[in-house]
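In this text the structure is predicted, and so the values were computed from the model without any measurement. Below, chains carry the letters A, B, ... as their sequence lines are ordered, and counting in each starts from 1.
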Number of protein chains: 2
Amino acid sequence: MTAGPAEDTRTRLLHTALRLFTEHGVEGTSLQMIADALGITKAAVYYHFKTKAELTEAVAEPGIRDLDELVLRAGAQKRRGAQVDLLLEGFVDLVVRHRTLVALFSSDPGLIRAIEKSAHGGMEGFGQALLGILSGPAPDTTSRVNAMVALTGIAMAGGSPDLASLDDEELRTELLDVGRRLLGRPRRRTHLPVSTL
Amino acid sequence: MTAGPAEDTRTRLLHTALRLFTEHGVEGTSLQMIADALGITKAAVYYHFKTKAELTEAVAEPGIRDLDELVLRAGAQKRRGAQVDLLLEGFVDLVVRHRTLVALFSSDPGLIRAIEKSAHGGMEGFGQALLGILSGPAPDTTSRVNAMVALTGIAMAGGSPDLASLDDEELRTELLDVGRRLLGRPRRRTHLPVSTL
DNA sequence: GTCTATACCAAGATAGAC
DNA sequence: GTCTATCTTGGTATAGAC
């Protein structure tokens, strides 16, 4: 890993912030706590990030980027069935990859507000885009409810400490399964079985 | 409780606080905002509630009480099927009755922390109790995931602004339906009278 | 380029006057 | 029952050490 001495502190800040955010919530985590955890001062944090909102946004950025790309890829599919399948699989992958972060997205108003202020223009758009693809054009109420329960349920369950002991493959299979059931998609075995023990 | 002229301000405080909490989140709402909205000072708020956490707890109390009663009633059922059905129906009713509040429960770390500190000993217990009843004794992973997705999905969807336009009956039917599907309970479409104690 | 010292204002909280 | 004054901590900003 080619990391200069500057990136070191910045990266440690991002990791420490995410950890504390999941423990105490975004607004429940002070810059003082983050600084103390790293043995630096509050002002040092401000050298790397102009505001707390900017730090928060940087913490969330990897998840946002993946989400963005997912929405684009799904929207590019021709058949609606393919759109739904790709979105569901991609969303589950994303949740598994960023377990704690996605839980924050769905459950921390502090995170949402911090992002709203900043460049990305907020998170609302993503929620609506995901729901739009999953529930289709001119959806009836039941479709909308199913899509919402699927998305929020998968996100919250994936980030829950209760399921932290599951390995990625297992969690992925379970979430995909429940998602397919809710969205009325045929169930099939997941990607490639890594081993056939 | 004795009803006196004191209750007037107290009640207005509770209503105003809930409204601002749903708008800005618990930690995004300052006591100053609440005081300003009522035309009093911060210190006046402190006359009615010793701490912000206590005010927060008082706002959440009706929902907590209903949850508590629901867990007790469900646990008292003999057959497991009856436990699940009663819990699901009761939970959906509760979500519909306290739409905004339940959304706060599932999505605001500020609320959770405020309650954790106070008497009720936290909300963790309820989550575990609900999950325990829904997924049964010695549940497999799939059952646990289904129960988690059902509970969090129902709570979040019920409180979502996206579904705020649905009337209570419609929302109740939809949530019950999706819950039954996730939990593998037979679907029925009519109200059943809640069994009397 | 990286950080410390320090000061400012808003917010949670307390003490005491009216 | 409500207000003024005050204390502490948290987010923010800047000046300056190295």
Earlier contact from the 5' end, DNA chain D, for A/Thr29 and B/Gly39: B/Gly39

Atom-to-atom span, NZ of B/Lys50 to P of C/dA15 - whole angstrom: 12 Å

Spacing of A/Met33 atom CE relative to D/dG10 atom P, expressed in whole Å: 6 Å

Nucleotide of D/dT14, C/dG12, D/dT2 approaching A/Ala43 most closely (side-chain heavy atoms): D/dT14

Distance-only side-chain donor-acceptor flag, A/Thr142 / B/Glu174, under 3.5 Å: yes

Rounded distance [0.5 Å steps], CG in B/Asp108 versus CZ in B/Phe21: 8.5 Å

A/Phe49 CZ - C/dC3 P separation (whole Å): 12 Å

Nearest to side-chain heavy atoms of B/Ser30, which nucleotide of C/dA11, D/dT12, C/dT4: C/dA11

A/His48 side chain, from C-beta outward: closest of C/dA11, C/dC3, D/dG11: C/dC3

Heavy atoms from other residues, nucleotides or ligands near NE2 of B/His24 exceed 12 (cutoff 6.0 Å): yes

Of the listed nucleotides C/dT4, C/dA13, D/dG1, the one nearest the side chain of A/Thr41: C/dT4

Under 4.0 angstrom between B/Tyr47 side-chain N/O and D/dT2 OP1 or OP2: no

A/Ser143 and A/Asn146: side chain donor to acceptor below 3.5 Å: no

Nucleotide of C/dG12, D/dG10, D/dC3 approaching A/Gln32 most closely (side-chain heavy atoms): D/dG10

Sugar-phosphate, base or nothing in reach of A/Lys42, heavy atoms under 4.0 Å: base

B/Thr9 side chain, from C-beta outward: closest of D/dG11, D/dT2, C/dG12: D/dT2

A/Tyr46 OH to C/dA7 C1', straight-line distance once rounded to whole Å: 14 Å

